[in-house]
Amino acid sequence: MNSKDFFNQFYKKTKEHSYSKSLYTFFENNVRPRLTQNDLKILELGSGYFSLFEDITNLSADITAIDFSSLAIAKAPKSKITYKEVNIVESTFFNEAKYDLVFDSHCLNCITNEDDRDNAFKNIYSSLKADGLFASELMIQPEVGSVSMPFKMIKTAVELEQEIISHGFKILYFMISKESGFTSIVEGREIKCDLLKLVVQK
Ligand SMILES: C[S@@+](CC[C@H](N)C(=O)[O-])C[C@H]1O[C@@H](n2cnc3c(N)ncnc32)[C@H](O)[C@@H]1O
């Protein structure tokens, strides 16, 4: 089964309208204070069928939420948010520098192939206006032990730092918290990965 089939299966079954609550806190505490202009254009990556921005109030913004799962996009609510079926590793959608913010809703961890990740970062970069922001909350490897999960790429903080810089971004915020709550069983032991919150600028 490939990653798209995996998520389509998931969206076929799930009935809950949800997104990870940590994304809401991350946006409110670490991203929103950096958005000073009005009439923002925002792109959310990996929204599933319910964008985080459905619940963000008092934000003057034109929001597009994308996901490669056709089932998720078909189930999305009719709202002021535009939902679109887009694969972030394909370039067609990303041909114009028009977003003030690209917000990753736990999508990048799902890109498991290095060439695909290179394409995704290039797409994010080219879709941002000059000085536009990219914000992401990512599972990273814990300091001790190693975590792996199906359909996920979990890098170290240093590997991610290099990946970000090599794609031309300037790092504004790079904060690691211990023990994200995402776990993996390695040789019978439960290992938790750490969580990286980052905000970078084009
Ligand atoms: C871990 S889920 C997160 C869903 C939701 N944002 C949340 O917080 O619960 C990752 C999402 O990214 C989507 N996704 C994975 N790879 C993708 C890709 N290459 N392009 C677009 N969406 C992708 C999946 O379909 C899924 O909805």
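Every number for a ligand or one of its atoms is a count from 1 in the order of the listing.
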Can you tell me which residue and heavy atom of the protein come closest to [atom], and the distance to 0.1 Å?
| atom | result |
| --- | --- |
| atom 19 (N) of ligand 1 | N87 OD1, 2.8 Å |
| atom 2 (S) of ligand 1 | F7 CE2, 3.8 Å |
| atom 13 (C) of ligand 1 | D67 OD2, 3.3 Å |
| atom 3 (C) of ligand 1 | S105 O, 3.5 Å |
| atom 20 (N) of ligand 1 | I88 N, 3.0 Å |
| atom 4 (C) of ligand 1 | G46 O, 3.5 Å |

Side-chain touch V147/P142, heavy atoms, less than 4.5 angstrom: yes
Any side-chain heavy atom of K202 sitting closer than 4.5 Å to one from H167? no
On a heavy-atom basis, I'd like to know which of S3, S20, C110, S22 is closest to atom 7 (C) of ligand 1. S20
Closest to atom 26 (C) of ligand 1 by heavy-atom distance, out of Y24, F10, Y11, F6, is Y11
Pair listing, salt bridge (Lys or Arg N to Asp or Glu O under 4.0 Å) test, anchored in residues 62-78, at least two apart: K41-D62
Interfacing atoms of ligand 1 (cut-off 4.0 Å, heavy-atom, [X]):
| X | answer |
| --- | --- |
| L23 | 8 (O) |
| G48 | 27 (O) |
| H106 | 1 (C), 10 (C) |

Over 60° means perpendicular and under 30° means parallel, so tell me whether F103 and F27 are parallel, tilted or perpendicular. perpendicular
Tell me, please: is V86 in heavy-atom contact with ligand 1, that is, under 4.0 Å? yes
Ion pair present between K178 and E143, side-chain N to carboxylate O less than 4.0 angstrom? yes
Would K84 and F93 count as a cation-pi pair here, with the cationic atom under 6.0 angstrom from the ring centre and within 45° of the axis? no
Please confirm whether K13 makes a cation-pi placement over Y11, using NZ or CZ under 6.0 Å from the six-membered ring centre and within 45° of the ring normal. no
Location of contacts on L45 toward ligand 1, heavy atoms closer than 4.0 Å: neither
Residue portion contacting ligand 1 (non-hydrogen atoms closer than 4.0 Å) for F68: both
Approximate separation, where rounding is to 0.5 Å, of K4 NZ and C110 SG: 13.5 Å
Nearest heavy-atom approach of F94 to V86 is CE1-CG1, 4.0 Å
